[in-house]
Amino acid sequence: SFGISRFRPGEPYGDDQDRDGADSGEAVHSADNLYGTIPDGYAPGTVTLSPQYLTLKGPESLIGQISSAGIEINLDNVTEDVTAAAIPEFYDANGNEIQLNDRIESDCEAVEYTLTVLRVKNVNLEFEVHGEPEDGYRFTGVQCSVTSVPVMGLRTLLASFQTITIPGDSLDITGASSNVTVTVDL
């Protein structure tokens, strides 16, 4: 994401300037707006923006209305990394778009961005069990609520990634005399 964090006082803007005659601004936080539907098997990764900051110049009364800034990135049919440019948009505290007028100047007409697109692959789970149950009992198998999980990453990294192994120290049945239920964070 990028933000408006630097403002320069400017020349007076006529009758509508603030009472003190000063132009100013305040720090504004922003977020990227990803929209559209990325195809199955893909997920949006990181977004790199240039510039990361932009400068607005204008009356404080107008700049003060701006609460956030961002760019919109369309994900429709995106299956590989995207490098493009988008026009920055400005929003008030309620998320309503604010159109800049000729009394507010921006040093940035377009923001260049690179969107990394990740592959999504379903990977099977394998289980290693550690220990032996109490005498007179036997281990009959592992049941899991899921047999595979989606994993996101670069295509080159996912190519050789076939399974996720849950290690035996997470599935210890030493001395068990009944079913053992375990929750494992992946």
Side-chain angles (χ1 to χ4, degrees), residues 1-5 26-53 66-86 88-97 111-186:
S1 63
F2 73 104
I4 305 165
S5 66
E26 59 187 62
V28 179
H29 301 286
S30 68
D32 305 312
N33 182 13
L34 302 176
Y35 69 95
T37 304
I38 198 163
D40 288 341
Y42 298 89
T46 58
V47 177
T48 305
L49 302 170
S50 179
Q52 292 182 347
Y53 299 95
I66 299 171
S67 178
S68 64
I71 60 171
E72 292 193 346
I73 301 173
N74 187 347
L75 298 177
D76 286 338
N77 301 314
V78 173
T79 59
E80 56 188 39
D81 293 354
V82 176
T83 299
E89 297 177 352
F90 303 91
Y91 304 93
D92 66 15
N94 295 322
N96 300 314
E97 187 173 354
V111 175
E112 293 180 14
Y113 67 89
T114 299
L115 167 67
T116 302
V117 176
L118 304 174
R119 290 288 300 179
V120 177
K121 179 179 182 178
N122 282 325
V123 177
N124 292 327
L125 298 176
E126 288 184 354
F127 304 94
E128 293 177 352
V129 178
H130 176 73
E132 294 293 328
E134 187 176 301
D135 286 342
Y137 293 88
R138 67 185 173 99
F139 171 70
T140 59
V142 174
Q143 292 180 341
C144 185
S145 59
V146 294
T147 57
S148 66
V149 293
V151 176
M152 289 185 287
L154 299 174
R155 181 183 320 220
T156 54
L157 297 175
L158 289 180
S160 62
F161 199 58
Q162 302 302 321
T163 61
I164 295 175
T165 301
I166 308 302
D169 59 350
S170 296
L171 302 173
D172 189 355
I173 61 168
T174 302
S177 59
S178 64
N179 289 342
V180 175
T181 302
V182 177
T183 301
V184 178
D185 291 327
L186 296 178

Any chance CG of D40 has more than 12 other-residue heavy atoms, nucleotides or ligands included, within less than 6.0 Å?
-> no

Between the OG1 atom in T181 and the CD atom in Q143, the distance rounded to the nearest 0.5 Å is 9.5 Å

Return yes if some donor-acceptor pair links the side-chain N/O of N74 with the main-chain N/O of D76 below 3.5 Å, else return no.
-> yes

Y137 side, atom OH; I173 side, atom CD1 - distance, nearest 0.5 Å | 13.0 Å

Atom pair CG (D81) and CG (L154), whose distance is rounded to the nearest 0.5 Å = 8.0 Å

Flag yes if more than 12 heavy atoms outside D135 fall under 6.0 Å of its CG atom; otherwise flag no.
-> no

Work out which heavy atom in E72 is nearest to a heavy atom in A86; give both atom names and the distance.
-> O-CB, 4.1 Å

Taking the side chain as C-beta and beyond, is there a heavy-atom pair between L118 and L158 under 4.5 Å?
-> no

Which heavy-atom pair separates V111 from P51 by the least distance, and what is that distance?
-> CG1-O, 4.0 Å

Would you call V117 and E80 a side-chain contact if the rule is heavy atoms closer than 4.5 Å?
-> no

The side-chain hydrogen bond (donor to acceptor under 3.5 Å, both in side chains) partners of T114 (sequence neighbours excluded) come to T83

I would like to know whether E97 and F90 meet side chain to side chain contact (heavy atoms under 4.5 Å, CB included); could you show each step before the answer?
-> CA-CA 6 Å; E97 187 173 354; F90 303 91; over 6 Å; no

Partner set under side-chain hydrogen bond (donor to acceptor under 3.5 Å, both in side chains) for Y113, not counting sequence neighbours = none

Go through the structure and list residues passing side-chain hydrogen bond (donor to acceptor under 3.5 Å, both in side chains) with T174, not counting sequence neighbours.
-> D172

If you take all heavy atoms of P133 and A176, which pair is closest and at what distance?
-> CB-O, 3.4 Å

Of the non-hydrogen atoms in L75 and P44, which two are nearest, and what is the gap between them?
-> CD1-CG, 4.2 Å

Output yes when a side-chain donor or acceptor of N33 lies under 3.5 Å from a complementary backbone atom of I71, and no otherwise.
-> no

Could you tell me which non-hydrogen atom of E134 sits nearest to which non-hydrogen atom of S177, and how far apart they are?
-> OE1-CB, 3.8 Å

To the nearest 0.5 angstrom, please state how far the CD1 atom of I166 sits from the CD atom of E128.
-> 9.5 Å

Any side-chain heavy atom of S148 within less than 4.5 Å of one from V123?
-> no

Looking only at heavy atoms, the pair that brings T79 and Y42 closest together is O-CE2, 3.3 Å

